[in-house]
There are 2 protein chains.
Amino acid sequence: MNIKYTILGFLSWRPLTGYDLKKLFIDTIFIYWSGNNNQIYRTLVQLHHEKLVTNEVQHQENGPTRKIYTITEKGLSELRIWVQSTPELPQLRNSFLIQLAWADQLGPEELDTLLKKYEDEIHVQSLMYHEHKKRNLVNPARTKRETYLWSMISDNVIASYEHELAWIRTLRKELGE
Amino acid sequence: MNIKYTILGFLSWRPLTGYDLKKLFIDTIFIYWSGNNNQIYRTLVQLHHEKLVTNEVQHQENGPTRKIYTITEKGLSELRIWVQSTPELPQLRNSFLIQLAWADQLGPEELDTLLKKYEDEIHVQSLMYHEHKKRNLVNPARTKRETYLWSMISDNVIASYEHELAWIRTLRKELGE
DNA sequence: GTTGCCATGTAAGGTGTTACATGATTTA
DNA sequence: TAAATCATGTAACACCTTACATGGCAAC
């Protein structure tokens with residue numbers, strides 16, 4: 001369901017093609033996405049069916065034909081309603097915690113190898129997101145408040161990784177003692 | 001996939017029925033689960049098919065028939081391999097962040113109402129998990145190290161909610177200024 | 001001439017969720 | 001006597017992911 005409102009959100013900003021959306025998804029830190037465009041195109045078809053968007057086919061002389069999607073009044077109002085709906089709790093699904101729960105069968109070195117792998121992964125992600133925020137590729141920045149909100153959203157994601165990093169480092173240190 | 005290894009993990013502890021697993025799922029803080037037993041029973045059938053578990057039907061005089069599942073050698077070795085496999089990154093899916101990204105269309109009071117709802121939800125969850133840890137219902141506690149690992153796993157989940165709470169409070173405070 | 005970018009999609013499979021279904025025993 | 005607990009499952013659907021498929025243009 002999230003992908004639906006993410007797309008409506010971007011379209012509330014300006015008309016876009018599926019390909020534009022794909023790039024925005026890649027460049028937006030807080031969007032979880034598999035990396036495959038499949039979902040985007042399917043969701044666009046569905047949104048069109050629900051009359052939340054319209055599309056215009058644009059034949060280009062150099063380059064492939066594009067479908068430019070524009071949000072409708074109905075789409076805008078549905079987005080507005082969703083934005084105000086009761087928030088869901090974050091889904092904290094960390095399969096590493098499940099791995100760890102049954103990791104006492106490992107020897108000290110094996111366990112530390114596992115922990116180190118996780119630490120390194122988290123570290124890399126953390127650095128990546130910091131870079132990402134610095135580059136600040138996607139930002140509607142229509143108002144001061146919106147810029148602030150987007151900045152806080154990035155901070156939320158970055159902080160999650162930093163807390164995770166601190167946690168795994170404590171764990172490794174305390175197990176070493 | 002996680003549910004598979006979660007079940008194998010619990011079965012590595014001792015033989016259990018689907019119903020036992022259901023209760024363990026409810027009482028275990030780091031397990032994400034929809035609340036419906038469907039997945040458990042389906043996974044048990046699949047595990048049996050893969051010969052990772054065996055089952056024994058037990059007819060009881062008072063009470064319904066139970067199927068007691070026991071992990072096999074093959075199951076134990078598959079669990080061990082999985083435990084040592086390269087950890088996945090946590091999936092941070094927080095649809096509230098997406099809501100917030102398009103929330104600049106709201107007036108100051110509307111926005112604060114939304115933020116307050118989220119704060120309250122997170123707060124309640126945070127308290128719940130604290131209580132949960134205090135009660136400490138599920139804990140294999142076979143070794144000191146295992147007890148420590150399980151404690152750190154709980155802390156990880158609890159800390160996530162606490163950081164989220166701190167973040168949303170900062171956000172509300174700074175927007176109020 | 002091969003890689004990367006622009007631009008669109010289909011097919012199939014896996015995972016997760018909601019709703020439904022049954023029936024006995026124990027507790028309030 | 002109504003609700004909760006014990007104990008098992010089916011059916012259908014929604015959602016998500018992986019892999020496959022096409023084809024022109026630009027840059028190196």
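Below, read A as the first sequence line, B as the second, and so on, with proteins coming before strands; counting in each chain starts at 1.
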Enquirer: Bend across the helix from C/dG1-D/dC28 to C/dA28-D/dT1, to 10°, with axes taken over 5 pairs at each end?
Expert: 40°
Enquirer: Grab the CD1-C1' distance between B/I68 and D/dT8 for me, whole Å please.
Expert: 14 Å
Enquirer: Taking the six-membered ring for Trp, are A/F30 and A/W150 parallel (under 30°), tilted (30 to 60°) or perpendicular (over 60°)?
Expert: perpendicular
Enquirer: Could you tell me whether A/E73 atom CD has more than 12 heavy atoms of other residues or ligands within 6.0 Å of it?
Expert: no
Enquirer: Which part of the nucleic acid does A/K22 contact within heavy-atom distance under 4.0 Å: base, sugar-phosphate only, or nothing?
Expert: nothing
Enquirer: Are any of the side-chain heavy atoms of A/K67 and A/Q58 separated by less than 4.5 Å?
Expert: no
Enquirer: Measure from NZ on B/K4 to P on C/dG16 and round the result to the nearest Å.
Expert: 12 Å
Enquirer: How many Å lie between CG on B/L24 and P on D/dC6, as a whole number?
Expert: 12 Å
Enquirer: Fit a plane to each ring of A/W102 and B/F10, take the angle between them on a 0 to 90° scale, and name the class: parallel (under 30°), tilted (30 to 60°) or perpendicular (over 60°).
Expert: perpendicular
Enquirer: What residue pairs, at least two apart or across chains, pass salt bridge (Lys or Arg N to Asp or Glu O under 4.0 Å) with a residue in residues 146-171 of chain B?
Expert: B/E119-B/R169, B/K133-B/D155, B/R142-B/E146
Enquirer: Would you mind reading off the distance between B/I40 atom CD1 and D/dA7 atom C1', rounded to a whole angstrom?
Expert: 12 Å
Enquirer: C/dA7 P sits how many Å from A/F25 CZ, rounded?
Expert: 17 Å
Enquirer: Begin from the C-alpha positions of A/E50 and A/Q46 and carry the test side-chain hydrogen bond (donor to acceptor under 3.5 Å, both in side chains) through to its verdict.
Expert: CA-CA 6 Å; A/E50 293 178 51; A/Q46 187 208 314; 2.6 Å; yes
Enquirer: Please report, rounded to the nearest Å, how far the C1' atom of C/dT8 is from the CD atom of A/Q58.
Expert: 14 Å
Enquirer: Counting primed atoms plus P, OP1 and OP2 as sugar-phosphate and everything else as base, spell out the protein contacts along nucleotides 12-18 of chain D at 4.0 Å heavy-atom distance: B, S or - for each nucleotide, 5' to 3'.
Expert: ---SBBB
Enquirer: Quick one: B/Y5 OH to C/dT15 P, roughly how many Å, whole number?
Expert: 10 Å
Enquirer: Does a side-chain N or O from A/Y41 land closer than 4.0 Å to OP1 or OP2 of C/dT8, or not?
Expert: yes
Enquirer: Show the distances under 3.5 angstrom between N or O atoms of the protein and N or O atoms of nucleotides 1-6 of chain C.
Expert:
unit_1, atom_1, unit_2, atom_2, d
C/dC6, OP2, A/Y19, OH, 2.7

Enquirer: Only pairs at least two apart or in different chains count here, so list each side chain to side chain donor-acceptor pair (under 3.5 Å) that has a residue in residues 28-39 of chain A.
Expert: A/N38-A/R42
Enquirer: Check the pair A/E174, B/R145 against salt bridge (Lys or Arg N to Asp or Glu O under 4.0 Å), reporting the backbone distance first and the verdict last.
Expert: CA-CA 11 Å; A/E174 290 187 359; B/R145 193 177 66 162; over 6 Å; no
Enquirer: So, using ring pair (Phe, Tyr, Trp, His ring centres under 6.0 Å) as the criterion, who are the partners of B/Y19 when residues are at least two apart?
Expert: none
Enquirer: What is the ring orientation for A/H48 with A/Y69, classed by angle as parallel under 30°, tilted 30 to 60°, or perpendicular over 60°?
Expert: perpendicular
Enquirer: Regarding B/E109 and B/K116, does a basic nitrogen lie under 4.0 Å from an acidic carboxylate oxygen?
Expert: no
Enquirer: What is the distance, to the nearest angstrom, from the CD1 atom on A/I26 to the P atom on C/dA7?
Expert: 13 Å
